[in-house]
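Positions are given from 1 along the sequence. In this text, all values refer to a predicted model and were calculated from it rather than measured experimentally.
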Amino acid sequence: MNRFALLSAFLLILGAVAVPSAHAITMLQPVGISKVDGGHSAPLTPVIDQSGLSIGYTSGVTDLASYLAANPEHLSVPGVSGFFSNFRDPLGTYDLDLGGLFDVSRFVLWNDNDNNAVVGFNLFADDNAGFVSPTLIGAFTADPTLSISPDLMLPDLFSFAPVEASHIRFEITSNNGSGFFHAFGEIAFGREEAVVDVPVPGSLALLGIGGLALLRRRRVC
């Protein structure tokens, strides 16, 4: 095989190599949650199990933007499809296990609808359950008025720069006026995923082959 044939084959292979061209953000469901600043009577798992959502999703598969565009509602029933704190616990801190190390860039909160609702909160990221070296993602303000009816809430979306994490700490810093309780419905995250395009053949390969063809023709002439 001569050098022109070898170069042509190389460029064709180069053109067919898969290259990331964009990013998709999929829904990411935590696999565990724990309260780290005191006890609680109501179970915590209802805030991560999709139990109160009008539309379900598949973690790591469902596109976040498309899912939220459908306005999935959440029916908050404490202990069944939401969480309601103990008495004299107006704030709270929760650690969420993502089930692996992921690049996350979105936080989705279905809130409560009264004075117990979450308003101010901080998010921290770490690659271990002990939060040995947490990174502050940011301070955020939730909208407690995203309700359709007294118990039916719409999602509140928060965006931030992608951060690699296996655990996220959700630290509530203020509620909607209650001095005794705090409450929220459901929590989810957005996971950054690369979308890969496979050119067949790529424009680079076509340009290279065209150039080789012209060069070979000149040499023949």
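Checked by atom type and distance alone, the side chain of N111 pairs as donor or acceptor with a backbone atom of V118 at under 3.5 Å. A distance-only check finds a donor-acceptor pair linking the side chain of N175 to the backbone of P90 [under 3.5 Å]. No donor-acceptor pair under 3.5 Å is formed between the side chain of D156 and the backbone N or O of A142. Distance alone, capped at 3.5 Å, places no donor-acceptor pair between the T58 side chain and the T62 backbone. Side-chain atoms of T93 do not come within 3.5 Å of backbone N or O of V36 as any donor-acceptor pair. Side-chain N or O atoms of N86 include one that pairs as donor or acceptor with a backbone N or O of S41 at under 3.5 Å. A donor-acceptor contact shorter than 3.5 Å is absent between the side chain of S166 and the backbone of L98.
In terms of hydrophobic clustering, with Ile, Leu, Val, Met, Phe, Trp and Tyr side chains grouped at heavy-atom distances under 4.5 Å, L91 and F83 are assigned to a common cluster. Residues I25 and V104 are members of separate hydrophobic clusters, defined by side-chain heavy-atom contacts under 4.5 angstrom among Ile, Leu, Val, Met, Phe, Trp and Tyr. Tracing side-chain contacts under 4.5 Å through hydrophobic residues (I, L, V, M, F, W, Y), one reaches F102 starting from L96; they form part of the same cluster. One hydrophobic cluster holds both V163 and I187 under the rule that ILVMFWY side chains link at heavy-atom gaps under 4.5 Å. Hydrophobic clustering (side-chain heavy atoms under 4.5 Å, transitive across Ile, Leu, Val, Met, Phe, Trp, Tyr) groups I148 together with L146.
Classified by interplanar angle (parallel below 30°, tilted 30° to 60°, perpendicular above 60°), the ring pair F181/F87 is tilted. Using cut-offs of 30° and 60° on the angle between ring planes, the pair H182 and Y94 is perpendicular. Using bins of under 30°, 30° to 60° and over 60° for the plane-to-plane angle, the ring pair F158/F121 lands in the perpendicular bin.
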Residue pair F107, F170: steps toward the ring-ring contact (aromatic ring centres under 6.0 Å, His included) verdict: CA-CA 10 Å; F107 177 69; F170 173 47; 5.4 Å; yes
side-chain contact (heavy atoms from CB on, under 4.5 Å) assessment of D63 paired with T26: CA-CA 4 Å; D63 180 74; T26 59; 5.6 Å; no
Residues F124, I137; criterion side-chain contact (heavy atoms from CB on, under 4.5 Å); working and verdict: CA-CA 5 Å; F124 298 86; I137 295 174; 5.9 Å; no
Trace of the side-chain contact (heavy atoms from CB on, under 4.5 Å) decision for L53 with W110: CA-CA 9 Å; L53 293 175; W110 285 266; 3.6 Å; yes
side-chain contact (heavy atoms from CB on, under 4.5 Å) assessment of D114 paired with N176: CA-CA 7 Å; D114 54 22; N176 200 30; over 6 Å; no
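In this structure, H167 NE2 and N128 CG are separated by 7.5 Å, a value rounded to the nearest 0.5 Å. Atom CE of M27 and atom CZ of F189 lie 10.5 Å apart (nearest 0.5 Å). Here the straight-line distance linking atom CG of L75 with atom OG of S51 works out to 9.5 Å at 0.5 Å rounding. The distance from atom CD1 of I168 to atom CD1 of I33, rounded to the nearest 0.5 Å, is 12.0 Å.
Here the shortest heavy-atom pairing between V108 and P155 reads CG1-CB, 3.8 Å. Nearest heavy-atom pair, P46 versus V80, reported as atom, atom and distance to 0.1 Å: CB-O, 3.4 Å. The nearest pair of heavy atoms linking G185 to S76 is CA-OG, 3.5 Å. Here the shortest heavy-atom pairing between A125 and F131 reads C-CE2, 4.4 Å. Across all their heavy atoms, R191 and G60 have their closest contact at NH1-CA, 4.3 Å. Annotation for E73 and L154: closest pair CG-CD2, 4.0 Å, computed over non-hydrogen atoms.
Pairs of residues two or more places apart, or lying in two chains, never qualify as salt bridge (charged side-chain N to carboxylate O under 4.0 Å, His left out) while including a residue from residues 122-135. Among residue pairs with one or both ends in residues 162-185, those qualifying as salt bridge (charged side-chain N to carboxylate O under 4.0 Å, His left out) are D95-R169; sequence neighbours excluded. Screening residues 42-66 for ring pair (Phe, Tyr, Trp, His ring centres under 6.0 Å) gives Y57-Y67 as the qualifying pairs, with residues at least two apart or on separate chains.
Between the side chains of S178 and N116, at least one donor-acceptor pair of N or O atoms lies under 3.5 Å. Between the side chains of R106 and S159, at least one donor N or O sits under 3.5 Å from an acceptor N or O. Using modelled atom types, one finds a donor on one side chain and an acceptor on the other under 3.5 Å when comparing Q29 with Q50.
The closest side-chain heavy-atom distance from D97 to P30 is not below 4.5 Å. Contact check for L157 versus L64: side-chain heavy atoms found under the 4.5 Å cut-off. The shortest side-chain heavy-atom distance between F140 and F160 falls under the 4.5 Å cut-off. The side-chain heavy atoms of S81 and H74, taken from C-beta on, include a pair separated by under 4.5 Å.
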